[in-house]
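I have placed the structure first, in the form of structure tokens, so that the comments after it can refer back to it.
Note that the structure is predicted; figures quoted are calculated from it, not measured.
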Amino acid sequence: MEFQKPPDGGWGWVIVVVSFFTQFLCYGSPLAVGVLYIEWLDAFGEGKGKTAWVGSLASGVGLLASPVCSLCVSSFGARSVTIFSGFLIAGGLMLSSLAPNIYFLFFSYGIVVGLGCGLLYTSTVTITCQYFDSRRGLALGLISTGSSVGLFIYAALQRMLIEFYGLDGCLLIVGALALNILACGSLMRPLQSPDCSFPEKIAPENVLDRYSPYNEKEKSLEENMNILDESYISKVKCNSTLPNGDWVRETPKNPTAAAHTKESEPYKKKVVEQTYFCKQLAKRKWQSYRNYCGETASLFKNKVFSSLFIAILLFDIGGFPPSLLMEDVARSSNVREEDFTIPLISIIGIMTAVGKLLLGIMADFKWINTLYLYVATLIITGLALCAIPLAKSYVTLAILSGILGFLTGNWSIFPYVTTKTVGIDKLAHAYGILMFFAGLGNSLGPPIVGWFYDWTQTYDIAFYFSGFCVLLGGFILLLAALPCWDTCNKKLPKPAPTTFLYKVASDV
């Protein structure tokens with residue numbers, strides 16, 4: 001698949017602005033679901049592990065469906081997918097205000113809103129990568145700060161709306177705000193080549209030349225017409241025989257029959273054309289599915305890509321729960337409410353925005369290896385998670401929340417790392433697979449932490465487990481990215497030079 005050279009500016013900056021506001025409106029409530037989580041605990045009286053499924057599904061379902069989301073973006077374009085996702089998110093939030101129990105929220109907030117978020121994230125990242133190349137790190141950092149700013153603002157906004165209008169009114173108002181995604185999506189103009197003209201109407205007889213994935217052509221339309229004529233002649237011969245047993249074609253004797261025969265010719269041609277078209281279209285679809293499976297297998301042969309999906313899975317199992325459960329962690333540590341100068345979720349949100357922006361800018365420096373930068377964020381995140389059980393005051397929890405928020409900003413460089421690993425032409429495919437595993441981690445992380453609390457009545461073991469998962473993923477990716485592997489692979493196919501086989505001719 002060929003792409004126009006990214007303009008690195010122009011309308012691309014409009015794409016950055018609308019993608020920023022799209023992620024702001026899309027992820028504001030799902031990322032700040034920790035405020036709603038406490039309200040749902042009190043409203044439905046369920047366990048912390050079960051209630052945590054609502055927030056984890058909202059973040060995980062969209063990522064689990066990333067391969068489908070990538071296919072939708074590739075098939076229908078970022079603009080159409082964004083507008084459709086706006087309806088999903090707004091409808092899911094408004095529907096959640098009518099939830100009679102926690103199971104209804106699993107569908108309305110977890111699945112519907114989560115699927116809309118996944119579609120929007122894939123569309124904004126894909127179209128931004130298409131518009132930017134040399135400034136891709138900065139562009140991705142800017143658009144990804146939208147979700148972090150949304151977390152910072154929505155954490156306080158949802159708390160205020162709950163105080164004034166209750167939980168149901170809060171969800172209705174937030175859902176109405178999400179309708180602004182439709183306006184943002186309408187500005188996502190697809191990137192086209194300068195010499196790109198509008199697609200012409202394709203006649204059925206030209207479909208094979210344009211779309212067939214095979215090098216060998218099958219029978220042409222004329223050959224198919226001849227086959228149909230031969231079958232028609234054979235059928236007519238069955239109606240007339242000579243005395244010696246030979247079959248002959250019976251010719252129409254009256255003009256009415258002759259006219260009927262002439263009228264049947266266009267009909268026969270139309271039947272052959274439609275049959276031919278359907279046959280080639282089915283083969284084209286089958287070939288595209290085979291190519292998709294082949295490309296997927298080739299991606300996993302890349303050791304860095306294989307390690308990347310393990311790292312992102314373990315990172316989301318351990319690194320996502322703090323943004324959902326940090327408020328309840330403080331309450332479980334007996335931190336007084338009057339000590340809460342700023343909500344811990346808001347601290348995570350604003351520091352995530354700073355981290356995304358700074359890490360995105362750092363990714364554009366040629367002397368910085370983006371993959372090693374990502375590995376460093378994973379290792380430090382794992383250490384910070386292991387330090388959470390030691391924090392017993394608001395100040396220490398706020399400091400750790402800021403560190404974790406800043407390091408979670410590595411989401412802005414993750415598409416950059418993926419692009420450098422597999423190339424821009426395979427970005428949508430590879431990113432969809434990686435986001436599937438990220439969604440699996442997002443879906444499992446908070447419930448696991450909640451179940452640890454229900455079992456031990458403390459978050460200590462849960463966060464030690466989370467820190468270990470993130471550290472393990474970071475070290476696996478670090479080992480796969482070491483340059484010694486490339487050196488060994490380059491040396492293996494090339495035998496060592498044997499200079500003793502070559503002798504300089506000497507005069508006798």
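- For the pair Tyr27/Cys117, a side-chain contact is recorded, criterion being any heavy-atom separation below 4.5 Å from C-beta on.
- Between the side chain of Asn180 and the main chain of Leu177, a donor-acceptor pair closer than 3.5 Å is present.
- Atom OG1 of Thr456 is separated from atom CH2 of Trp451 by 14.5 Å, given to the nearest 0.5 angstrom.
- Distance check, rounded to the nearest 0.5 Å: CG of Leu404 to CE of Met326 gives 5.5 Å.
- Side-chain contact between Leu105 and Ile102: present, with at least one pair of heavy atoms (C-beta onward) separated by less than 4.5 Å.
- Side-chain contact between Ser108 and Val113 is absent, with no heavy-atom pair separated by less than 4.5 Å.
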What verdict does the side-chain hydrogen bond (donor to acceptor under 3.5 Å, both in side chains) test give for Lys356 and Thr408, after you've listed the backbone C-alpha separation in whole Å, the side-chain angles of each residue and the deciding distance to 0.1 Å? CA-CA 8 Å; Lys356 287 178 177 178; Thr408 307; over 6 Å; no
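- Checked by atom type and distance alone, the side chain of Thr126 never pairs as donor or acceptor with a backbone atom of Ser123 at under 3.5 Å.
- Side-chain atoms of Phe463 and Cys386, non-hydrogen and from C-beta on, never get closer than 4.5 Å to each other.
- Side-chain atoms of Tyr372 come within 3.5 Å of backbone atoms of Ala481 as a donor-acceptor pair (strictly under, hydrogens ignored).
- Of all heavy-atom pairs between Val16 and Ala139, the closest is CG2-CB, 4.1 Å.
- Residues Trp40 and Tyr109 place their aromatic rings such that the two centres sit under 6.0 Å apart.
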Starting from the C-alpha separation in whole Å, work towards a yes-or-no answer on side-chain contact (heavy atoms from CB on, under 4.5 Å) for Lys48 and Thr51. CA-CA 5 Å; Lys48 295 186 179 182; Thr51 308; 5.8 Å; no
Step-by-step side-chain contact (heavy atoms from CB on, under 4.5 Å) determination, Leu359 to Trp411: CA-CA 9 Å; Leu359 292 173; Trp411 274 100; over 6 Å; no
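- With rounding to the nearest 0.5 angstrom, the OG atom of Ser466 is 6.0 Å from the CG atom of Leu385.
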Yes or no on side-chain contact (heavy atoms from CB on, under 4.5 Å) for Phe20 and Leu142, after CA distance, side-chain angles and deciding distance? CA-CA 7 Å; Phe20 172 89; Leu142 288 173; 5.8 Å; no
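- Contact detail for Leu93 and Ser29: the closest heavy-atom pair is CD2-OG, 4.0 Å.
- Using a distance-only test at 3.5 Å, with no hydrogens or angles considered, a donor-acceptor pair links the side chain of Thr396 to the main chain of Ser393.
- In this structure, Leu120 and Gln23 have side chains that are not in contact, with every pair of non-hydrogen atoms separated by 4.5 Å or more.
- A donor-acceptor contact shorter than 3.5 Å links the side chain of Ser56 to the backbone of Trp53.
- The two atoms that bring Thr418 and Ala430 nearest to each other are CG2-CB, 4.1 Å, heavy atoms only.
- The two residues Leu179 and Ala90 come nearest to each other via the heavy atoms CD2-CB, 3.5 Å.
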One pair to check against side-chain contact (heavy atoms from CB on, under 4.5 Å): Val417 and Val304. What are the steps and the verdict? CA-CA 10 Å; Val417 172; Val304 177; over 6 Å; no
Just do the ring-ring contact (aromatic ring centres under 6.0 Å, His included) check on Phe84 and Phe76 with the steps written out, would you? CA-CA 11 Å; Phe84 174 73; Phe76 305 106; 9.2 Å; no
Residues Thr124, Thr22; criterion side-chain hydrogen bond (donor to acceptor under 3.5 Å, both in side chains); working and verdict: CA-CA 8 Å; Thr124 53; Thr22 296; over 6 Å; no
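- Taken from CD1 in Ile173 to CG in Leu161, the straight-line distance is 5.0 Å, to the nearest 0.5 Å.
- Other residues, nucleotides and ligands contribute more than 12 heavy atoms inside 6.0 Å of the CZ atom of Phe44.
- Taking CD1 from Ile380 and CG from Leu471, the interatomic distance works out to 10.5 Å, rounded to the nearest 0.5 Å.
- Residues Met188 and Ser19 are in side-chain contact: their nearest non-hydrogen atoms beyond the backbone lie under 4.5 Å apart.
- More than 12 heavy atoms of other shown residues, nucleotides or ligands fall within 6.0 angstrom of atom CZ in Phe104.
- How far CG of Leu397 is from CG of Leu390: 10.5 Å, rounded to the nearest 0.5 Å.
- At least one side-chain heavy atom of Phe414 sits under 4.5 Å from a side-chain heavy atom of Leu434.
- You'll find the side chain of Leu479 stays beyond 4.5 Å of the side chain of Phe475, heavy atoms only.
- Checked by atom type and distance alone, the side chain of Thr377 pairs as donor or acceptor with a backbone atom of Tyr374 at under 3.5 Å.
- Phe452 and Tyr459 have their aromatic ring centers separated by at least 6.0 angstrom.
- The aromatic rings of Phe437 and Phe309 lie tilted to each other, with the angle between the two planes from 30° to 60°.
- A donor-acceptor pair is defined here as one N or O able to donate and one able to accept, closer than 3.5 Å; such a pair exists between the side chain of Gln158 and the backbone of Ala32.
- Relative orientation of the Phe106 and Tyr103 rings is perpendicular, given thresholds of 30° and 60° on the angle between their planes.
- With Thr82 as reference, Ile181 is the one residue of Val73, Leu119, Thr122, Ile181 to meet the side-chain contact (heavy atoms from CB on, under 4.5 Å) rule.
- When every heavy atom of Gly474 is checked against every heavy atom of Leu378, the shortest pair comes out as CA-CD1, 3.8 Å.
- The two atoms that bring Ser443 and Val61 nearest to each other are OG-N, 4.2 Å, heavy atoms only.
- Distance alone, capped at 3.5 Å, is enough to place a donor-acceptor pair between the Ser97 side chain and the Met94 backbone.
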